[in-house]
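Structure record follows, encoded as structure tokens.
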Amino acid sequence: MNYDNKYVSHLFEVIDQMSYKDITVIEKTKNTYIHESGGDKSDVIILVKGIVISSLLGTSGNRLNLCYSKIPGIIMLKKATHSTGEYLCDIKIDSEKALFYKLDGIKFWNLVSNDEILREYVLEYMFSRINREREVLVKSIDNTKYERLYAFLYECTKLFGVKNSDDGSILIDHNITHKTIGDFCGIRNRSSVTRIMGELIKENIIKQDYRKIIVMDLDFLKIRSDILNESAGL
């Protein structure tokens with residue numbers, strides 16, 4: 001299997017050389033979890049195929065989505081020596097099916113300590129995760145729910161967008177529920193998401209095609225996303 005990212009390619013080369021006893025293949029279906037916060041303490045989870053959502057889970061049970069992941073690679077990492085700690089993150093399957101590898105943590109960290117490329121990848125993953133958490137938290141504190149929703153839709157056009165060459169519209173080619181949008185934008189009331197989406201439809205900024213969103217005015221979303229990022233210092 002070929003991968004664009006050199007770190008991901010190397011990761012799967014390393015996995016291919018591991019003993020099958022140290023690797024568990026897991027297949028999950030939509031709306032299930034590969035890991036619940038505070039649950040299974042497996043050290044390393046690798047996404048092989050599918051789309052997942054990483055979320056922070058608050059003490060009150062509220063969920064704040066961090067990001068979509070659809071590119072193979074590490075999605076859950078916990079250093080083996082921190083055996084009494086709990087994950088702060090849940091991983092929800094958001095495609096019809098998703099395939100994962102669960103790696104033995106001790107064996108994986110031993111490999112990391114002796115593999116420069118793998119070590120670089122782990123550091124890159126950890127810094128990326130920290131920066132993403134900071135970005136999401138800053139946006140959720142310093143901006144209105146309208147601004148956060150506009151920015152989220154714009155990010156989705158980059159991740160799932162398919163351009164229509166006839167009218168220039170962008171199909172967000174992934175089913176995204178209003179609850180998922182709310183969890184990404186820190187909007188606890190789903191009716192608020194429905195109202196904002198309805199306003200965007202009325203103003204012909206977006207259209208709704210069953211469960212998929214078509215962006216008619218990309219510039220509107222981009223400008224407001226840029227403003228949000230600038231105000232948040234991102």
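All heavy atoms count here, side chains included; hydrogens, waters and symmetry mates do not.
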Heavy-atom side-chain contact between [X] and [Y] under 4.5 Å:
| X | Y | value |
| --- | --- | --- |
| Asp217 | Asn204 | no |
| Gln208 | Ile214 | no |
| Ile93 | Thr29 | no |
| Lys102 | Val44 | no |
| Ile176 | Phe152 | yes |
| Asp94 | His174 | yes |
| Thr180 | Ile53 | yes |
| Trp109 | Leu103 | no |

Counting N and O atoms only, with roles assigned by atom type, does the side chain of [X] sit under 3.5 Å from a partner on the main chain of [Y], one being a donor and the other an acceptor?
| X | Y | value |
| --- | --- | --- |
| Arg211 | Thr177 | no |
| Asp22 | Met18 | no |
| Arg119 | Ser113 | yes |
| Ser95 | Ile51 | yes |
| Asp209 | Lys212 | no |
| Asp115 | Leu111 | no |
| Asn65 | Cys67 | no |

Are [X] and [Y] connected in the hydrophobic side-chain network, where two residues link if heavy atoms are under 4.5 Å apart?
| X | Y | value |
| --- | --- | --- |
| Ile205 | Tyr150 | yes |
| Ile196 | Met216 | no |
| Tyr68 | Ile34 | no |
| Ile201 | Tyr154 | yes |
| Ile45 | Ile130 | no |

Roughly how far, to the nearest 0.5 Å, is the [atom2] atom of [Y] from the [atom1] atom of [X]?
| X | Y | atom1 | atom2 | answer |
| --- | --- | --- | --- | --- |
| Arg190 | His178 | CZ | NE2 | 9.5 Å |
| Lys179 | Arg188 | NZ | CZ | 9.0 Å |
| Ser225 | Leu149 | OG | CG | 11.5 Å |
| Glu13 | Leu118 | CD | CG | 11.0 Å |
| Ser54 | Arg132 | OG | CZ | 10.0 Å |
| Tyr121 | Lys6 | OH | NZ | 13.0 Å |

Will you find, in the side chains of [X] and [Y], an N or O donor that is under 3.5 Å from an N or O acceptor?
| X | Y | result |
| --- | --- | --- |
| Asn5 | His10 | no |
| Ser55 | Asp90 | no |
| Glu120 | Tyr7 | yes |
| Ser191 | Thr194 | no |

- Item | salt_bridge(Glu199, Lys202) N-O dist < 4.0 Å | no
- Task: Just do the side chain to side chain contact (heavy atoms under 4.5 Å, CB included) check on Val52 and Lys92 with the steps written out, would you?
- Result: CA-CA 5 Å; Val52 299; Lys92 181 181 179 181; over 6 Å; no
- Message: Please determine whether side chain to side chain contact (heavy atoms under 4.5 Å, CB included) holds for the pair Phe160 and Ile213, giving the CA-CA distance in whole Å, both sets of side-chain angles, and the decisive distance to 0.1 Å.
- Response: CA-CA 10 Å; Phe160 302 114; Ile213 300 163; over 6 Å; no
Other residues, nucleotides and ligands only: do more than 12 of their heavy atoms fall within 6.0 Å of [atom1] on [X]?
| X | atom1 | result |
| --- | --- | --- |
| Lys97 | NZ | no |
| Leu123 | CG | yes |
| Lys222 | NZ | no |
| Lys30 | NZ | yes |

- Item | Under the side chain to side chain contact (heavy atoms under 4.5 Å, CB included) test, residues paired with Lys163 that sit two or more places apart |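 Applying side chain to side chain contact (heavy atoms under 4.5 Å, CB included) to Lys163 gives Ile170.
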- Candidates Ile46, Ile26, Thr24, Leu47 - the one meeting side-chain contact (heavy atoms from CB on, under 4.5 Å) with Tyr101: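 Of the listed residues Ile46, Ile26, Thr24, Leu47, the side-chain contact (heavy atoms from CB on, under 4.5 Å) partner of Tyr101 is Ile46.
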Minimum heavy-atom separation for [X] and [Y], please, with both atom names.
| X | Y | value |
| --- | --- | --- |
| Asn110 | Asn114 | O-ND2, 2.9 Å |
| Thr144 | Glu147 | N-OE1, 2.9 Å |
| Tyr125 | Ile74 | CE1-O, 3.4 Å |

- Task: Dump the intermediate steps for side chain to side chain contact (heavy atoms under 4.5 Å, CB included) on Thr157 and Leu171, then the final yes or no.
- Result: CA-CA 7 Å; Thr157 65; Leu171 168 68; over 6 Å; no
- Query: Taking it one step at a time, do Val122 and Phe108 satisfy side chain to side chain contact (heavy atoms under 4.5 Å, CB included)?
  - Reply: CA-CA 11 Å; Val122 167; Phe108 178 80; 4.1 Å; yes
